[in-house]
Amino acid sequence: MDNVKAIVLRAAGINCDLETEQALRLAGAEAERIHINRLMAEPALLDGVQILVFPGGFSYGDDVAAGKILANQVVHHLRDILHRFVEQGKLVLGICNGFQVLIKTGLVPGLRSDAAALATDYPATLTDNDCGRFEDRWIYLQPGTERCVFLEPNRRIFLPIAHGEGKIVARDPLTLARLRDEGYVAFRYVDADGCRGAFPVNPNGSDDDIAALTDPTGRVLGMMPHPERFVRLTQHPHWTRLKEREGFGDGMTIFNNAVKYVREHF
Amino acid sequence: MRQWRFEITPKAGFADVHGHGVLEDIRQLGIASVEAVHSARVYLIEADFDEAFAERVGRELLADTVCQDYFIGRRAVNTGQQPTTLIEVHLKSGVTDPVAESVLAALKDMGAAAVESVRTARKFVLVGAITDEQRDTIARRALANDCIEEVIYGADAEPPNPHTRPYELTLTEMPVRNLDDEGLVRLSKEKDLFLNLREMQTIREHYRTIGREPTDVELETLAQTWSEHCVHKTLKSSVEMDLNGQTYHFKNLLKETVFKGTQDLNKEWCISVFVDNAGVIEFDEDTAICFKAETHNRPSALDPYGGAATGIGGVIRDSMGTGMGAKPIANTDVFCFGRPDMKLEDVPKGVLHPRRVMKGVVAGVRDYGNRMGIPTVNGAVYFDDRYLANPLVFCGSIGIMPRDKCFKNAQSGNLIVVVGGRTGRDGIHGATFSSGEITHEHETIFSHAVQIGNAITEKKALDTLLQARDAGLYEAITDCGAGGLSSAVGEMGAELGAEVDLEKVPLKYMGLSYTEIWISEAQERMVIAVQPEKLDAIMAIFAAEDVDATVIGRFTDDKKLTLRYNGVQVGQLDMDFMHEGICKYDRKAVWTTPRIVEPSLAAKGDYGDDLLKILSSYNVASKEWIIRQYDHEVQGASVIKPLGGVTNDGPSDAAVLRPKFDSDKGFAVACGMNPCYGDIDPYWMALAGIDEAIRNLICVGTRFDRIALLDNFCWGDCTDPETLGALVRACQACYDGAMGYGTPFISGKDSLNNAFVRDDGKRISIPHTLLISAMGIVEDVNRCVTMDVKQAGNLLFVVGLTKNELGGSHYYRIYDHLGATVPTVDIKVAAETAKRMSRAIAQGLVCACHDCSEGGLAVALAEMAFSGGLGIEADLRGLPTADDCVKTDAQLFAESNSRYIVEVSPNNYHAFAEWMLNLPFGQIGQVTDDKRLKILDRKQITVIDQPLDTLKAAWQNPLSL
C-alpha cells in the first residue's frame with residue numbers, strides 16, 4: 001500500500017512528538033499527533049493506521065517511575081486495542097520514554113504474548129542509570145537480532161541518548177538468557193569499532209549492553225536512543241568534520257524500514 | 001476508610017541512588033559519622049480497597065518489582081549493631097503533591113474503589129551515631145525544604161494532618177494617613193514591603209488626597225508594582241555622574257544609554273524591543289524569534305534546586321507570554337558561584353556551601369528544562385568567592401512565533417482567564433524580597449519566597465495555549481511572574497482597568513486570604529484575555545488535555561483595578577497611580593579609575609605549567625559535567641551543539657539551531673561575561689562582554705548584520721555612589737558597543753542590591769556583573785564552522801591584535817594578581833574584523849574558527865588542538881601584536897579582545913588573506929599529525945611543548961564531579 005499512516009501518541013509531559021512526526025513524514029508516512037485522551041475516547045482512530053509511536057518525554061512527570069503512569073493508563077484502557085493492533089501485523093515503536101512505557105506494559109519484550117500478560121510481572125525493566133543522573137551523549141548501536149523489522153541486521157548506527165532511567169535490567173538470569181538467546185535484543189551499545197565496553201560505551205550500565213528490545217513478532221521495538229534526533233546530517237555532533245555531507249542521518253533507517261515494511265505487507 | 005501505607009525500597013543488589021545522594025550531601029555538611037543512608041519512598045493512601053487490592057497496588061503500580069520491593073505498613077528498621085536515626089519528610093499541609101495526583105489518577109485507572117486521598121513522603125534511615133543537633137542540621141540542610149516540607153523523627157511520629165482550614169473573609173486596613181516618617185518606615189519593614197521612606201510618603205499623600213486608608217491588598221500591590229524587581233527604579237532614575245572629576249547628567253540612565261543605542265540604530269528587523277516580556281526580532285518572512293534572560297538569584301541562594309527550577313520555568317513563561325505567545329525552542333544558563341572547593345568553616349552562617357548551591361542549581365535547571373522538552377544549548381559558569389552568599393543564576397529562553405502574532409491587544413469586556421497552575425502560598429513576597437539586601441537571618445524569614453515548580457503543569461499549559469493561539473481564541477497573554485496575578489493583570493489592564501473576583505482563583509489548598517491569592521507567585525500560571533463569545537471554544541481546548549483554566553474577572557474601561565472577594569470590594573487602585581505614581585529619583589554616582597599596580601612577573605623558559613594551571617582553573621575548565629545533564633538536542637533542531645570536536649567533548653563557541661523543519665536558515669546564541677575586568681574598569685568589562693558575545697557568534701558563521709543583544713546587570717548596593725558609578729560606566733559601554741557594532745539591545749533585566757551582611761556585620765558585595773547574551777541569524781546552517789582543527793597541514797592564522805593587556809587575566813589570577821592593563825576594545829577595528837570574518841566564513845574559506853578569550857592565545861590553541869585530536873605547531877613571530885606587547889607571557893596569555901584563531905586550508909590561503917587585507921592578522925602556525933601543542937617564542941625557543949592528552953586532562957578533570 002502507498003498510504004502509510006502513523007500516529008504519534010501525545011500525553012502530559014511528552015515532548016519529542018513534533019520531531020518524531022517529522023521523521024515519519026520524511027520517511028514517507030502520513031503522520032499525526034494524537035493525545036491519549038482522544039485515543040481513549042475514539043479507539044477507532046487506530047483503524048486505518050499501521051504504525052503507532054510512543055515518543056520521548058517525561059510522561060506525567062515520570063511520577064512513581066519513568067513511563068509508569070502512562071503505562072498503567074495504557075494497560076487499563078488500551079490493552080485489548082493495542083494487542084489487536086500488533087496481532088493485525090502492525091508496528092509499534094517506543095522511543096526513550098516511549099520504550100519505558102512499552103517495557104512497563106510488558107509489550108516489549110512480550111515474552112508472554114497473551115493480552116493478560118501486560119502490566120504485571122513484566123520480565124525486564126528500565127531503571128536509574130548507574131551514573132545516577134540524566135545524560136545526553138552520542139553512542140553507537142550494533143543490531144543484535146535479525147527478527148526486528150525496524151533495523152538492518154548488519155548496520156551499526158550512531159544516535160544520541162538523553163535519559164536518567166535507561167538501564168535495562170532483566171528480572172532474573174534466566175530471563176536475560178532468553179532475551180539474549182532468542183533474538184529479543186534489537187540493539188546493543190558498542191564503540192565506533194563495534195566493540196562492547198564499560199561506561200561511556202555502555203552509558204547506563206544496562207544488562208548485556210542492551211539498548212533496545214523487540215518482541216516475538218519483531219514488529220514492536222522499544223529503544224532508549226533517539227532516532228528522530230538524527231535524520232539530517234547537520235544533527236551529527238561533529239558533522240563539520242565529516243567528508244561525506246550528503247544523505248540522511250542514521251536515525252532515518254528506523255523510520256524508513258518501518259514505512260517500507262508497511263508498504264510491502266499491507 | 002482505611003489508611004494504607006506503602007514503603008518502596010531498592011531490591012538487594014540495586015543501588016539506592018537517592019540514599020547515596022543524601023549521604024554525599026551529609027558528608028559535605030561536615031558530618032562524618034553517618035556511614036550509610038537508606039531511602040524509601042512512602043505512599044499514604046486513604047481508600048476503601050481490601051488487602052488483595054492493596055497487594056496489587058504495591059506490585060503493579062507503586063513498585064517496579066524487577067528492582068524494587070514494596071512493604072505494606074511501617075517497615076521496622078533493622079538496627080543491628082549500629083545506632084540508626086529514622087527521618088521522614090512529608091509535605092506540609094496543603095502543599096501540592098504532583099506525584100500523589102498521578103497516583104490518584106492511576107488508582108482510578110486500576111479500578112480502585114473510593115480513594116479519599118493520596119500523599120507521598122520520603123523516609124531515610126541514617127546509620128551511624130549523630131547528635132540531635134546534627135540530626136536537625138541534616139534534616140534541614142540535606143533532606144527537607146522548610147518552606148514546603150515537614151520533618152518527623154522516629155517510627156511512632158504521626159505525619160502532618162493533610163487538611164487545612166477554610167478562609168473566612170476579614171477585611172484588613174493598614175492606616176497610613178496619620179503615620180509619621182518613623183511609622184511609615186516601621187510599617188514597610190514589619191510587612192516586608194521593601195518600600196523606602198519616599199515611596200511610603202508618596203503613598204501616604206495619595207491616601208490623604210483620596211480621603212481613606214489603604215487596605216492590605218492595596219499596599220501589597222503597590223509594593224510589588226514599585227519593587228526594584230518590577231520597575232527598575234535605579235536604572236531609570238536621573239543620575240549625576242562624576243567620572244574622574246568630569247560631570248555627566250542623565251535624566252533617565254537606561255533611556256539615555258542602553259535604550260538609546262537601540263533607538264538610534266532603529267533596525268528594521270527589530271520587531272518589539274524593551275516593551276514585552278522578551279525582545280522580538282525577525283527570523284524570516286513569516287517568523288519571528290524572541291529572547292529574554294532573567295535572574296533568579298535570591299531564591300537560588302535559599303533553595304538552589306527549587307530556585308533555579310523556577311528560574312528557568314519563569315523565563316520560559318516569558319517566551320510563552322511574549323506577543324500572542326511564542327513557542328520556547330532553546331534555553332540558556334549562566335551561573336556565578338563561590339569556589340566549589342571552599343573550606344566548610346569559611347562559609348558564613350546562613351549561607352549554603354557553593355558546591356551544594358552549584359549541584360542544586362544545575363539539577364534544578366536540568367529537571368525543569370528537560371521536562372519542558374526545551375534544549376539548554378548555551379551557558380557559562382563563573383567562580384569568584386564574592387558570589388558565595390549571592391550566587392547568580394541567569395536563565396534565558398528563546399521562542400519562535402508567527403510574524404503576525406507579535407503583538408497583543410486586550411480590550412475592555414475581555415474576560416480574564418488564568419491558565420495552568422493553581423495558586424498557593426508559595427512565592428509570596430518574591431518580587432520585594434529579590435529587591436532588597438539579604439542578611440543571614442533571611443534564610444528562615446524568607447523561605448516562603450521560594451516558589452515550587454512543576455514542569456509538567458507548564459508543559460500542558462504550553463501545549464494547549466499554542467493550539468488556542470493558532471485558532472485565534474484569545475486577545476492577549478502574559479505570564480504570572482514576579483508579582484503574580486497582581487503584576488499580570490495590572491500590566492495587561494494598565495490602559496483599561498480590570499475587576500477580579502479573587503475567590504474564583506483556583507487554589508492548591510484552602511485557607512488563603514484574598515491578599516495571599518492576589519500576590520502569590522505560585523508557578524506555571526498564565527493570564528489571557530478572552531472575548532466572551534470565544535470562551536466555550538477555548539475552554540474545550542484546555543479541558544481536552546486536563547489543563548485548569550478559570551475566568552477570574554474582566555477588563556473594564558474605568559482605568560481602575562478593582563478587587564473583590566465573595567462580592568465584597570477588598571481593594572481599588574487607580575491604574576495611573578499604580579504605574580506612574582512612583583517617585584523619581586535623583587542619584588549621585590562617582591567613578592574614579594583605581595590606581596592598581598601592574599605586577600611584573602619574571603620571564604621564563606617554559607610556560608607549560610602555567611598553561612596547564614589556567615586550563616585547570618574553574619572558569620576555563622570543561623563544563624561537560626553540567627552540559628551533559630541538560631538535554632541539548634530535544635526538538636531536533638541543534639546544528640552546533642555545546643560540545644563538539646572529534647570525540648564530542650570540545651567547547652563550542654556558540655550554539656546554532658535550525659528551528660524550522662523546512663528551512664536551512666538558523667540562529668546562533670552565545671554569551672560574554674568578565675566580572676574580573678570590572679574590578680579594574682566596568683566600562684571595559686562591558687565592552688569586553690559585548691565583543692566576546694559577538695565574537696562567539698561570528699566564529700560559528702553568524703551574519704554580522706543580524707545580531708541582537710540582551711543585558712543582565714547584577715550589581716551591589718546602588719545607593720552607594722561608587723557602586724552606581726560602576727553601573728553607569730557599564731551602561732555607557734553598552735551604548736558605545738551597540739552603536740559601534742550595529743547590534744541593538746532588545747531586552748534586559750537588572751538585579752541590584754546583591755550584597756550580604758554576615759552575622760559578624762561584615763558586608764560582602766558581588767563583583768559588578770554584566771551578562772551579555774547575543775543571538776544572531778545564520779543564513780545557511782550548512783555553512784557553519786566549529787572550533788576544532790580539522791586537518792593536518794592546514795594553516796593557522798590569528799586575526800586581531802594582541803596587546804600588552806594582562807590585567808584581569810587568568811594568567812595573573814593563578815599568581816593572585818589583578819593587574820591594571822585591562823583588555824580594551826578598538827570598536828571600529830573590532831566591528832570591521834567581525835564583519836570580514838563573518839564574510840570569510842560564509843564564503844567557505846574557513847575550516848575552524850575559535851574565539852580567543854579567557855586564558856588567551858595559548859588556551860585557545862590548546863582547546864582547538866585537543867578538540868580536533870590533532871597537534872598544533874605555533875610560532876609567535878607570526879602573531880600580530882601591538883608595539884608594547886613584547887613579553888612572551890603577554891603574547892601567550894593576554895586576553896585582548898576582537899581576536900579569532902582561524903584554520904584555513906593551504907589552497908584557500910590567498911582568498912582568505914585577501915578578505916583580511918588591512919586588518920591585523922598573521923599566520924601563526926599549522927596543524928600537525930603529532931598529538932602535541934608546541935609553541936616557539938620570537939627567539940625560536942620552545943616555550944610550550946605538551947602532549948594533547950595532558951592538556952585535555954588538565955582541562956577536563958577539575959569539574960568532573
Side-chain angles (χ1 to χ4, degrees), chain A residues 10 12-16 18-20 22-23 25-26 35 37-38 56-58 60-65 68-69 72-73 75-77 104 119-125 127-128 130 132-138 160 162 164 169-171 226 228-232 234-235 237-241 245, chain B residues 14-15 17 20-21 56 59-62 64-67 98-99 101-103 105-106 109-111 366-367 370-374 454-456 459-460 463 544-546 627-636 638-641 643-646 648 658 661 781-782 784-786 788 790 848 868:
Chain A
R10 291 173 55 225
I14 288 298
N15 60 33
C16 301
L18 269 167
E19 54 269 41
T20 305
Q22 179 63 18
R25 286 183 183 162
L26 275 179
H35 196 277
N37 287 355
R38 212 180 132 201
F58 290 83
Y60 300 97
D62 280 355
D63 294 341
V64 180
K68 184 76 189 189
I69 301 291
N72 187 69
Q73 207 174 9
V75 164
H76 293 289
H77 296 290
K104 288 168 190 182
T120 53
D121 301 331
Y122 37 82
T125 195
T127 186
D128 295 318
D130 274 355
R133 59 175 182 268
F134 182 102
E135 275 216 342
D136 177 335
R137 64 166 72 236
W138 283 66
V169 181
R171 189 170 284 276
H226 285 275
E228 81 285 8
R229 293 187 186 181
F230 189 28
V231 298
R232 290 189 311 274
T234 54
Q235 291 168 319
H238 57 260
W239 64 271
T240 57
R241 303 184 70 83
R245 298 268 181 98
Chain B
F14 287 89
V17 175
H20 285 312
R56 273 191 61 204
R59 194 176 62 237
E60 292 178 27
L61 179 64
L62 301 179
D64 182 334
T65 55
V66 177
C67 53
V99 180
E101 284 171 19
S102 291
V103 170
D109 287 333
M110 288 179 73
R366 173 193 69 201
D367 286 356
N370 290 355
R371 275 172 168 65
M372 283 298 292
I374 302 167
N454 180 8
I456 301 307
K459 172 69 172 141
K460 281 163 63 182
D463 290 348
E545 302 192 7
D546 310 317
I627 296 166
R628 287 223 185 278
Q629 294 190 57
Y630 298 144
D631 191 335
H632 43 263
E633 300 177 89
V634 61
Q635 297 190 15
S638 68
V639 173
I640 305 291
K641 303 177 205 292
L643 297 168
V646 67
N648 313 320
R658 178 184 177 276
F661 289 128
V781 297
N782 297 298
C784 281
V785 163
T786 52
D788 44 311
K790 306 291 188 301

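Letters A, B, ... are given to chains in the order of the sequence lines, protein chains preceding strands, and every chain is numbered from 1. Keep in mind that what you see is a predicted model, and the values were worked out from it rather than measured.
- Proximity to chain B (any heavy atom under 4.5 Å) is shown, for A:Ala23, by neither the backbone nor the side chain.
- Note: B:Leu61 leads B:Leu61, B:Leu62, B:Val17 in heavy-atom pairs under 4.5 Å with chain A.
- Panel note: side chain A:Asp63, backbone B:Ser102; no donor-acceptor pair is recorded below 3.5 Å.
- Contacts of A:Arg25 with chain B are absent, with no heavy-atom separation under 4.5 Å from either backbone or side chain.
- Looking at A:Thr240, both its backbone and its side chain come within 4.5 Å of chain B, counting heavy atoms on both sides.
- At a 4.5 Å heavy-atom cutoff, A:Glu228 makes no contact with chain B through either its backbone or its side chain.
- Residue B:Ile456 holds its CD1 atom at 12.5 Å from CD of B:Glu101, rounded to the nearest 0.5 Å.
- Annotation: maximal heavy-atom pairing with chain B below 4.5 Å, among A:His35, A:Arg38, A:Gln73, A:Glu135, occurs at A:His35.
- For A:Phe230, the ring-ring contact (aromatic ring centres under 6.0 Å, His included) criterion is met by A:Trp138, A:His236, not counting sequence neighbours.
- Rounding to the nearest 0.5 angstrom, the gap separating the CG atom in A:Asp136 from the CZ atom in A:Arg229 is 6.5 Å.
- The structure places CZ of A:Arg245 at 8.0 Å from CG of B:Asn782, a figure rounded to the nearest 0.5 Å.
- Residue contact with chain A, scored on non-hydrogen atoms closer than 4.5 Å, involves the side chain of B:Lys641 exclusively.
- Proximity to chain B (any heavy atom under 4.5 Å) is restricted, for A:Ile14, to the backbone atoms N, CA, C and O.
- The contact between B:Arg366 and chain A is made entirely by side chain atoms (from C-beta outward), counting heavy-atom distances below 4.5 Å.
- Qualifying side chain to side chain donor-acceptor pair (under 3.5 Å) partners for A:Thr20, counting only residues two or more places apart in sequence or in other chains: none.
- Residue contact with chain B, scored on non-hydrogen atoms closer than 4.5 Å, involves the side chain of A:Arg232 exclusively.
- Heavy atoms closer than 4.5 Å to chain B are found nowhere in A:Ala65, neither backbone nor side chain.
- Put simply, of B:Gln635, B:Gln629, B:Glu633, the one with the most heavy-atom pairs under 4.5 Å next to chain A is B:Glu633.
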